[in-house]
Amino acid sequence: MTEGSTLVDSVAEVIALDEEIVNEAKRSGSDEGSSHIMGVVTQQSEKGNDKLIILVDLKGLSDLGEK
């Protein structure tokens, strides 16, 4: 792999979200991983169940792995 490249096993779905429906992520103390959660969205799935979408700062996570 070259510098700056990313490896992804799979992508289940790509969706567009309106900024108005994104809720601020609640931080849990000094948990380093939670600092990379940019926001959360709750949506009703097609089956009628609630689904939680977590928006993650992938760049921040990849930088964390290089430390």
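Values below: all heavy atoms of this structure, side chains included; hydrogens, waters and symmetry mates excluded.
- None of D57, I54, V56 except one satisfies the side-chain contact (heavy atoms from CB on, under 4.5 Å) rule with M38; the exception is D57.
- In this structure, the side chain to side chain contact (heavy atoms under 4.5 Å, CB included) partners of N49, at least two apart in sequence or on a different chain, are S45, K47.
- Considering L52, L55, V22 as possible partners of V40, the one that fulfils the side-chain contact (heavy atoms from CB on, under 4.5 Å) test is L52.
- Residues passing the side chain to side chain contact (heavy atoms under 4.5 Å, CB included) test with I21 are L17, V41, Q43, sequence neighbours excluded.
- For E13, the side chain to side chain contact (heavy atoms under 4.5 Å, CB included) criterion is met by I15, K51, not counting sequence neighbours.
- Residues satisfying the side chain to side chain contact (heavy atoms under 4.5 Å, CB included) test with D50, not counting sequence neighbours, are T42, Q44.
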